[in-house]
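Right, one structure below, let's go through it.
Computed over heavy atoms, backbone and side chain alike; hydrogens, waters and symmetry mates excluded.
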Amino acid sequence: MYFSVKTRQLLAGLCLLTLVACGDNSTNSEPETRTPPEVPNLQTYQPDTDFFQQTVQKVVQTTNGYQLAQTVVTGTVDPLFMLPNLYLQFYTGAGGTDAEFSNGMWEWTYSYSYGGESVEIRRTVAESANQYTWAVYISYSGTQGPSFDNYKLMEVTTSAEGDVGTWNLYPFETESDETILSMDWDYSDENNQEANYLFSDEEGVEQFDIAYSNQDADFSILIESSDSDPILVNWNEDTNEGLIESEGETLCWDSTLNDVACS
């Protein structure tokens, strides 16, 4: 795994603290005539893998291709986004607090202390050149792990519309400029969407590089990792047909998810 158990435990513990903290001890300001920009939903820009959640309902002969693709997507791609989604708790958690506007920047802040644990989260957004730059900073002291003082946990740069952008996550165990996830997306055309996800370990060593795209009903995921050959999965949500290329072999399936000769 590209995250240690210690990091996952620390994040989970802090998420519980911040979920309890939402709305408590927030920084309030006088009403502003201007309105802060809408917070982009970063989960929107993750791969849509719902196709592989289905179970085979028809009488089938052999489904080696589909089952292999299902295993790859649900066993590799989906778990990679579990911890980034924990990070999103910090990103969205300040939504229950009031925003302050100062020096061209919006800021949401909330803090919480309980049982020797103290957390403060700041979310900021600045506008420049028709784009927004969001950032989340954390200060923490307690017994669950190392202390942080205004450490930048993530940074998101989006177009004004939010359909094109970059999302960077930083490691939690030590303060670092190395990213553990760098994500670029272009969803400017709702029928032609592309994204790239670069996952690294906490030392900045690349572990997975995932390219994702969909054009209308056609979807594609290319997985490249540091210790195995590339894997390509293509599928069509209208026809249910698809293929997987792995270790020099291509397996195809038809609309019933049965194996079929590749054309």
Side-chain angles (χ1 to χ4, degrees), residues 18 22 26-48 80-81 83-110 120-139 150-171 175-200 204 206 208-222:
T18 54
C22 287
S26 59
T27 301
N28 296 309
S29 60
E30 294 299 320
E32 284 279 355
T33 57
R34 66 182 73 211
T35 303
E38 183 178 352
V39 179
N41 181 1
L42 295 179
Q43 289 182 318
T44 301
Y45 308 115
Q46 298 182 16
D48 179 358
L80 283 173
F81 287 92
L83 199 56
N85 285 333
L86 273 178
Y87 271 68
L88 290 182
Q89 298 294 332
F90 301 104
Y91 177 74
T92 60
T97 67
D98 295 327
E100 287 188 333
F101 185 80
S102 178
N103 298 322
M105 179 180 296
W106 288 97
E107 179 174 315
W108 296 256
T109 302
Y110 67 94
E120 181 181 87
I121 307 293
R122 293 195 308 118
R123 185 179 71 202
T124 65
V125 59
E127 181 179 5
S128 62
N130 200 35
Q131 71 177 24
Y132 294 114
T133 300
W134 301 78
V136 175
Y137 300 87
I138 182 169
S139 297
N150 205 35
Y151 171 53
K152 184 162 67 175
L153 191 62
M154 68 176 71
E155 185 174 69
V156 182
T157 301
T158 71
S159 61
E161 295 76 18
D163 50 6
V164 178
T166 299
W167 178 23
N168 291 319
L169 300 184
Y170 299 95
E175 298 186 27
S176 173
D177 293 329
E178 298 284 354
T179 60
I180 52 175
L181 169 60
S182 179
M183 180 176 89
D184 298 291
W185 72 85
D186 185 345
Y187 279 26
S188 55
D189 181 348
E190 63 180 10
N191 296 316
N192 186 357
Q193 302 172 341
E194 296 182 351
N196 191 83
Y197 315 91
L198 182 61
F199 294 86
S200 303
E206 180 181 325
F208 291 93
D209 189 347
I210 297 177
Y212 166 79
S213 67
N214 79 280
Q215 298 182 11
D216 297 323
D218 290 318
F219 290 76
S220 177
I221 290 180
L222 174 62

Taking all non-hydrogen atoms of both residues, which atom of [X] and which atom of [Y] are closest, and how far apart?
{"X": "M105", "Y": "A126", "answer": "CE-CB, 4.0 Å"}
{"X": "G162", "Y": "T158", "answer": "CA-CB, 4.1 Å"}
{"X": "E178", "Y": "P171", "answer": "O-CD, 2.9 Å"}

Atom [atom1] of [X] and atom [atom2] of [Y]: how far apart are they, to the nearest 0.5 Å?
{"X": "E194", "Y": "N214", "atom1": "CD", "atom2": "CG", "answer": "9.5 Å"}
{"X": "Y187", "Y": "D163", "atom1": "OH", "atom2": "CG", "answer": "11.5 Å"}
{"X": "N168", "Y": "T157", "atom1": "CG", "atom2": "OG1", "answer": "7.5 Å"}
{"X": "Y212", "Y": "I221", "atom1": "OH", "atom2": "CD1", "answer": "7.0 Å"}
{"X": "R123", "Y": "T109", "atom1": "CZ", "atom2": "OG1", "answer": "10.0 Å"}
{"X": "W134", "Y": "W108", "atom1": "CH2", "atom2": "CH2", "answer": "4.5 Å"}

Y170 and its side chain to side chain contact (heavy atoms under 4.5 Å, CB included) partner, picked from L153, V136, T179: T179
Answer whether the closest heavy-atom distance between the side chains of Y132 and V156 falls below 4.5 Å. no
Indicate yes or no: at least one non-hydrogen side-chain atom of Q46 is less than 4.5 angstrom from one of W167. yes
Could you walk me through whether W106 and T35 pass side-chain contact (heavy atoms from CB on, under 4.5 Å), step by step? CA-CA 9 Å; W106 288 97; T35 303; 5.7 Å; no
Between the side chain of D98 and the main-chain N/O of E100, is any donor-acceptor distance below 3.5 Å? no
Is a side-chain N or O of S139 found less than 3.5 angstrom from the main chain of N150, in a donor-acceptor match?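 Checking the backbone N and O of N150 against the side chain of S139, a donor-acceptor pair under 3.5 Å is found.
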Measure the acute angle between the ring planes of F208 and F199, then classify it against the limits of 30° and 60° as parallel, tilted or perpendicular. perpendicular
When the ring planes of Y197 and F81 are compared, do they come out parallel, tilted or perpendicular, using 30° and 60° as the limits? perpendicular
Could you check Y137 against E107 for side-chain contact (heavy atoms from CB on, under 4.5 Å), going step by step and ending with a plain yes or no? CA-CA 11 Å; Y137 300 87; E107 179 174 315; over 6 Å; no
